[in-house]
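Worksheet: one structure, shown below.
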Amino acid sequence: MSDRLSIVVVEKDRERALLIVDSLRASGDHEISVISEQSGLARRISERNPDVVLVDFANPSRDMLEELTLASSPLERPVAMFVDRSDDALTRAAIEAGVSAYVVDGLSAGRIKPILDAAITRFHMFQAMRAELAATKRALEERKIIDRAKGVLMKARGLDEDAAYALLRKTAMDQGRKVAEVAEALVTAAGLLS
Amino acid sequence: MSQTRLTLGYIPLVDAAPLIIARELGFAEQEGLAVDLRAAPSWSTLRDMVALGQIEAAHMLAPIPVAMAMGLGGMATRLDAISVLSVNGNAVGVSMQLARKMRDAGHDFGFADATAAGRALIAAAGDRLRIGVPFPFSMHAELLYYWLGSLGLEAPQALDVHTVPPQQMAEAMAAGDLDAFCVGAPWGSMAVENGAGELLLPTSAIWSFAPEKVLAVRHDWAEKAPDQAARLIRAMWRAGRWLADSGNRITASEILSRPDHLNLSAELLERSLSGNLMISARGEQRRAEGYLEFHRGAATFPWRSQAGWIATRLAARTGLDRAQAREAARRVFRTDLYRAALDTTAADLPGASEKLEGALDVPTEVASQTGSLILGPDRFFDGQIFDPDAE
């Protein structure tokens, strides 16, 4: 086996794939390719005959890769999921980060670790970014709906802004619900009544 | 009683119903279990989640724990099947083009005769039949190999069996990547609905009592927490009994159809639960007896002979030692835990833990704890009998 490893990254999202490829390049001189098509995935991979396959843990097409774990002829190299040969901590880190790695039988853990470390960082970073974006978006939406609910209360009950918010918060606490939920219910009801 | 919190994983299919019903109708709560459900995007991810301890138990293809015990596939942790969750429930479908060819050649799409359907399929398929299954280790794959192999097709060599996620099956067929598929409910009906194909045969016409999904847990979890395992088995058993009552079908399909569960039309799900299937876009209806069983005929009993059949088939096509494979498989179907868990309930359990698979042609009374257990027919379409003790 030569020093260069061939790595296939299965990823539909182009931006994300580029991020992962960049970080893999930084971890060593490897031959890296990206597959973004889902159809015929197992065939596409076996044509390239890679040493390592990296794929999102949550990718529905992952089952297609399981076919590769069965070597159907002596010439084909069986591929195993990385988790059954590595140290536990690395495995857990990979799964937490959402990476599953398929590795050709017989490849030593020492050679895979830097690659997996690099992939983990990237997968992790991307996931964190996505979660952050979703959380920010949700917070903004909640704020908008609470503002509208405050407006409804101010108009209907002649309250000032602070009193309107206090009433929303008290109702939410009494009912064991979130302020945003109470606000949403109020806005919906007000819309129906107007 | 304080509630024990458990997370159960599943793939959004009709036969995940026992897990969903056990939670939604309080059968789990009744056992002191607070159940969180987590849908998984693929079988390999679900298997890894349970093997790595992210979840306690999972809805799983019956051959997966058997394959793992034989050292096949990507993950080596031992999983145990503590209960069968459902019997049968898959359907074979063909592309519109292949269906037309088969009809032109005189096949009636009767949806019952596996020999006639198989011969018509082989005749129409040309030299290489491309079939999609949801996973390499699945009853879908094993039953296809068994069926077409028994009809003279050299399986697996003459077949191109590919793994395609169920949601992508209709798409792959429309794109011309597949000639046929074998898939679980409701994805067969979905392919008909989308005009991607027609249904040819329920897999119950190949083996009339095939274990389909099991409840899989880590072996060491079952050893460490036998009480929790027992409570899970009882909750699933009660959910299965509720599902088997035809009066509950509408309610069951409504619950399953909700956005946080399968998120599909209740009418479509009801077809699979009732066994009244629409097989073509022209609206042709067929009734499949025993299409999907959750309870009747001791459906959830994890017969060691069922594990033995799966292991024998897997060993034959992967070139492993059959006797060793069978021995490993028998250990993962935990008849012992299942019996212990249901000992205190109204469940009537069979006296034996193994049987000749394929020997019952008609519903038959068998020796059981209270003497009134009737097992349904379990015959193979070609009349073969599998003896778990034979060499």
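A, B, ... follow the sequence lines: proteins, then strands. Residue 1 opens every chain.
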Quiz item: In this structure, are over 12 heavy atoms from other groups packed under 6.0 Å from B:R130 atom CZ?
Solution: yes

Quiz prompt | side chain to side chain donor-acceptor pair (under 3.5 Å) partners for A:R177, two or more places apart | solution = A:Q175

Quiz item: If you measure from CG on B:D48 to CZ on A:R62, what distance do you get to the nearest 0.5 Å?
Solution: 4.5 Å

Self-check item: Neighbourhood of chain A inside residues 162-177 of chain B, taking heavy atoms under 4.5 Å as contact
Solution: B:H162, B:T163, B:V164, B:P165, B:Q168, B:D177

Self-check item: A:R44 CZ: over 12 foreign heavy atoms closer than 6.0 Å
Solution: yes

Practice problem: Only one of A:L65, A:D63, A:N59 passes side chain to side chain contact (heavy atoms under 4.5 Å, CB included) with B:S42; say which it is. | Solution: A:D63

Quiz item: Just wondering, more than 12 heavy atoms not from A:R48 lying within 6.0 Å of its CZ?
Solution: yes

